[in-house]
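Here is how names work: the chains are called A, B, and so on, in the same order as the sequence lines, proteins then strands, and each is numbered from 1.
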Protein chains: 2
Amino acid sequence: MRIGELARRTGVPTRMLRYYEEQDLLHPDRLANGYRDYPESAVHRVQQIRGLLDSGLTTEIIRNVVPFLNRPDEIHLHPDCLTAETAALLRGEADRIQARIDCMGRNLSAIRAYLAAVQPGAGDGPPA
Amino acid sequence: MRIGELARRTGVPTRMLRYYEEQDLLHPDRLANGYRDYPESAVHRVQQIRGLLDSGLTTEIIRNVVPFLNRPDEIHLHPDCLTAETAALLRGEADRIQARIDCMGRNLSAIRAYLAAVQPGAGDGPPA
DNA sequence: TTGAACCTTCACATCAATGTGAAGGCAAGC
DNA sequence: GCTTGCCTTCACATTGATGTGAAGGTTCAA
């Protein structure tokens with residue numbers, strides 16, 4: 001598909017899709033006329049990128065982890081290609097993501113606890 | 001304590017501590033000479049702010065939720081002070097934080113699954 | 001063949017978070 | 001008193017992710 005359709009289907013502006021390509025997060029083919037040509041899987045890929053970006057990761061980090069996020073049915077990288085350094089880097093990123101999740105989880109609990117204490121029964125479905 | 005000690009104890013530069021104050025995330029008292037005077041609890045508060053910032057939240061969002069993150073033993077806000085709008089806003093923020101947690105959790109799982117598939121036993125403790 | 005709706009690249013603007021440093025006031029010790 | 005180290009405010013620079021728009025090529029359909 002071309003860039004406009006991908007933008008429509010993901011809600012990500014074309015400007016950003018080109019930026020992600022510049023940052024080596026996407027690698028669309030080119031049609032004869034120079035237009036970018038994205039595979040169907042790009043929709044999922046873009047959603048992953050957006051989620052990671054929204055979660056505070058930089059494009060540099062995402063560039064490192066995104067090759068490993070493909071669906072299992074896509075064979076894309078042999079374990080042989082995974083150097084020890086890359087694996088360590090990946091584990092490091094995973095740990096940092098875990099720390100963020102933990103941090104947000106703690107704070108979220110505090111917020112929810114506060115809301116529950118102040119307005120019991122609100123937000124978790126009506127009591128009848 | 002003064003700003004220098006807080007910076008040392010949290011690892012956050014004084015520049016940022018002043019910025020967080022400007023953003024209404026911190027409200028230190030002032031000594032007679034104009035120096036900022038932080039309570040002991042500011043250490044924890046700053047760590048919360050850093051964690052949320054690292055998790056991709058903006059200072060605006062943090063400003064909205066941070067008053068409700070105090071320890072339960074600190075009575076700081078009567079339920080009366082919580083307008084319906086504030087509660088709704090808070091629930092909205094909570095939902096967005098939840099969405100981030102979910103998103104990061106999915107990506108984290110994918111990364112960990114990949115690592116586990118490629119290097120079973122690494123990172124989860126030695127097999128003996 | 002003209003116009004609309006795509007696409008291209010390029011460039012400059014913006015915004016939030018942060019770095020850096022100048023110019024100067026205050027406090028403690030020598 | 002002077003130096004040293006802390007603090008103050010102010011301002012300008014930078015970085016990463018974006019917005020915006022110009023100038024122009026390509027379909028396609030009326």
Need to verify one output field. Residue with the more 5' nearest nucleotide on DNA chain D, B:R2 or A:L53? B:R2
I'd like to know if B:E21 and B:R15 make a salt bridge, using a cut-off of under 4.0 Å between side-chain N and carboxylate O. no
Rounded distance [0.5 Å steps], CD in B:Q23 versus OG1 in B:T58: 9.0 Å
Run through A:R100, A:R106, A:M104 and flag the one making a side chain to side chain contact (heavy atoms under 4.5 Å, CB included) with A:D102. A:R106
Is there a donor-acceptor pair under 3.5 Å between the side chain of B:S55 and the backbone N or O of B:L57? no
Using heavy atoms and a sub-4.0 Å distance, could you list which residues of residues 14-23 of chain B are near DNA chain D? By number, please. B:R15, B:R18
When the distance from CZ of B:R50 to P of C:dA17 is rounded to whole Å, what number comes out? 10 Å
Hey, could you give me each pair passing salt bridge (charged side-chain N to carboxylate O under 4.0 Å, His left out) that has a residue in residues 49-67 of chain B? Not counting sequence neighbours. B:R50-B:D54
Note: contacts of residues 27-38 of chain B with DNA chain D (heavy atom, under 4.0 Å) are B:R30, B:G34, B:Y35, B:R36
Rounding to a whole Å, what distance do you find between A:I49:CD1 and D:dG16:P? 17 Å
Lys/Arg-Asp/Glu bridge criterion (N-O < 4.0 Å) met for B:E40, B:R9: yes
Check step by step if side chain to side chain contact (heavy atoms under 4.5 Å, CB included) holds for B:Y19 and B:T59. CA-CA 10 Å; B:Y19 175 67; B:T59 56; 4.2 Å; yes
In whole angstroms, the gap separating C1' of C:dC7 from CD of A:E5 amounts to 14 Å
So, B:R2 and B:E5, do they make that salt bridge, N to O below 4.0 Å? no
